[in-house]
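Read the structure below first, then the notes.
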Amino acid sequence: MRAIVFDNPGKMSLVDIPEPVAGPDEILLQVDAAGLCGSDIHAFLGAFPAPFPYVPGHEVAGTAIAGGGNTDPRMIGKRFVVHPLRQCGHCDSCRVGRINFCSDLSIYGGNLQGGFAERVAVHQSCLYEVPENLSSEEAAFAEPLACVLHGLGQIGVEAGDRVLIVGAGSIGLLLLQAAISSGASRVSIADLVPAKLETARMLGGHANDLSVDTNKHAFDLVIDATGSPSIVGGLTRFARDGGRILFFGVCPPDATIPLAPFDIFRRELTIAGCFSLVREIGPALRLIGSGAVRVAPLISARQPLEGLEKALSFHDHGGTTSDIKTMMIPSLHP
Ligand SMILES: [Zn+2]
Ligand SMILES: [Zn+2]
């Protein structure tokens, strides 16, 4: 079957790989849609550790076409989204439910074959059924939305919060909607690209230019969705005294930022990180299914596997692209 392989940093190919076979506890999915994620791009460019060579794609929705001996035959024909983290289940982190820190973690779209392929075999414990009213493309947003819910869970959104989000890419636009549905009174959002701010406005956000004059100490919760160290380093000035800051965007592993410890002390600022997801896929699917989080407006392109190289080339320009979410559709042919 056809699959994308990231061979080395900066090099990818579309190749024929052996057909995956469902093990006893696995379901073979025909991939309907797989989202291209910022972390795929970082990994491809060598800016984030990745297990080269590998088949990427961790935001996957597909239809069950075969199953191993321990799986329920009634699953065949149903659609599922993939929880990309396959936990070992018995390390210290797994035992306390922090599967994102599993010491023997396997990841679909990492060291396990991902969804930028025609088919993928997935352990049944990593599958969540897609509600009837959602398209597979919409359902493929369950994984990034789950990461967003995990992030907001780390820092907390309180009723009435004034929230600032920097970055109106797909994650920023999911954070925006999740913050509103969690009770934020007003969500401001900043980006360099006017078209993205237009989408943000349509989804309930208020465009913000990050001017220090008008934004200093103005927000209860400030969230980075850029992964740009120069932006992250300036976020404390936007948080009110006693405010909270969430580092969501993925900065380069060796980046450092200036932080004034006195500022954190005197103004009682709380800073939180968040990595990946834990068990938020179900709530994410429900938020998409209820319409509280709208994902269809975030799809800016659909590509066959042949189109991935082109899609990646849009992202080499420092966040100035108007592309929000590219959806890989392996059944499309160029
Ligand atoms: Zn992702
Ligand atoms: Zn574990």
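Each ligand, and each atom within it, is numbered from 1 in the order the structure gives.
Without hydrogens or angle criteria, Lys325 side chain to Ser300 main chain gives no donor-acceptor distance under 3.5 Å.
In this structure, Gln113 CD and Arg119 CZ are separated by 10.0 Å, a value rounded to the nearest 0.5 Å. Distance check, rounded to the nearest 0.5 Å: NE2 of His217 to OG1 of Thr236 gives 7.0 Å.
Draw a line from the Zn ion (ligand 1) to SG of Cys37 and another to NE2 of His58, and the angle between them is 110° (to 10°). Seen from the Zn ion (ligand 2), atom SG of Cys88 and atom SG of Cys94 lie 120° apart in angle, a value rounded to 10°.
Taking backbone and side chain together, Cys91 holds an N, O or S atom under 2.8 Å from the Zn ion (ligand 2).
Take the N/O/S atoms of Glu59: the one nearest the Zn ion (ligand 1) is OE2.
Inter-residue side-chain proximity for His83 and Leu277 is flagged as met; some heavy-atom pair is nearer than 4.5 Å.
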